[in-house]
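Working notes for the structure below.
Numbers here simply count residues along the sequence, with the first being 1.
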Amino acid sequence: VMARAVPQLPLRWDARELSLGGKTYDSARHTIAVVHPNPLNPRRYIVLNSGHSFHRNEMAATNASLFPRFGDYAVLQLRQPVDRQVESEILVADYFDEEWKLPHA
């Protein structure tokens with residue numbers, strides 16, 4: 001499903017690179033979290049790399065912060081030490097416009 005849907009989304013993502021909004025990132029060290037109308041079924045949404053948008057220390061402090069923080073999309077730089085949980089840094093996070101296009105495109 002991803003192989004058919006991703007080429008129709010406003011991004012490019014393959015084994016080498018991830019491109020979004022005119023910026024390109026190395027796919028080995030970056031990923032994307034995105035929600036967008038599903039181009040294969042417009043009555044549904046496609047959600048890629050869904051999961052918690054908070055880190056372990058935020059989870060331990062309080063459950064009041066357990067809400068999404070990315071908007072419609074986010075590019076994450078992965079920092080994954082071998083002996084630890086996956087950690088990431090948010091490089092860009094924003095919302096699509098009313099027509100589900102990148103706001104600066």
Side-chain angles (χ1 to χ4, degrees):
V1 172
M2 282 180 59
R4 292 189 337 244
V6 168
Q8 298 179 57
L9 297 176
L11 59 101
R12 194 178 82 235
W13 190 21
D14 60 33
R16 288 189 319 248
E17 58 188 30
L18 164 66
S19 297
L20 177 76
K23 293 189 179 182
T24 301
Y25 308 90
D26 175 15
S27 287
R29 304 226 355 118
H30 299 84
T31 191
I32 189 163
V34 63
V35 60
H36 193 275
N38 185 341
L40 306 176
N41 182 350
R43 297 182 326 185
R44 306 260 184 202
Y45 290 91
I46 189 162
V47 179
L48 302 177
N49 292 344
S50 178
H52 297 299
S53 57
F54 49 86
H55 295 294
R56 185 188 329 201
N57 61 340
E58 294 167 314
M59 175 79 166
T62 175
N63 68 356
S65 63
L66 305 183
F67 57 90
R69 298 194 175 121
F70 293 160
D72 295 331
Y73 62 89
V75 175
L76 309 170
Q77 180 176 4
L78 302 174
R79 298 183 312 241
Q80 185 175 357
V82 175
D83 61 342
R84 299 220 172 143
Q85 265 187 294
V86 175
E87 292 287 333
S88 62
E89 177 182 350
I90 302 168
L91 299 181
V92 62
D94 209 341
Y95 295 91
F96 293 109
D97 67 15
E98 292 82 13
E99 296 175 355
W100 288 95
K101 295 183 179 169
L102 290 168
H104 10 315

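When the options T31, V35, L9 are evaluated for a side chain to side chain contact (heavy atoms under 4.5 Å, CB included) with L48, the one that passes is L9. The side chain to side chain contact (heavy atoms under 4.5 Å, CB included) test with V92 singles out one residue from I32, L76, V75, and that residue is V75.
The closest side-chain heavy-atom distance from S19 to L11 is not below 4.5 Å. Side chains of Y45 and N38 form no contact here, defined as non-hydrogen atoms less than 4.5 Å apart. A heavy-atom distance below 4.5 Å is found between the side chains of Q77 and L91. Within the 4.5 Å cutoff, side-chain heavy atoms of Y73 are placed close to those of L102.
For H36 and F96, the distance between ring centers is under 6.0 angstrom.
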field: CA sep, side-chain torsions, deciding dist, call: T24, L18, side-chain contact (heavy atoms from CB on, under 4.5 Å)
entry: CA-CA 6 Å; T24 301; L18 164 66; over 6 Å; no
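Partners of A5 by side-chain contact (heavy atoms from CB on, under 4.5 Å), not counting sequence neighbours, listed by chain and number: P39, L40, I46. With sequence neighbours excluded, no residue forms a side-chain contact (heavy atoms from CB on, under 4.5 Å) with P7. Taking H30 as the reference, Y25 meet the ring pair (Phe, Tyr, Trp, His ring centres under 6.0 Å) condition, with sequence neighbours excluded. Residues meeting the side-chain hydrogen bond (donor to acceptor under 3.5 Å, both in side chains) test with S27, sequence neighbours left out: none. Annotation: salt bridge (Lys or Arg N to Asp or Glu O under 4.0 Å) contacts of E98 (sequence neighbours excluded): none.
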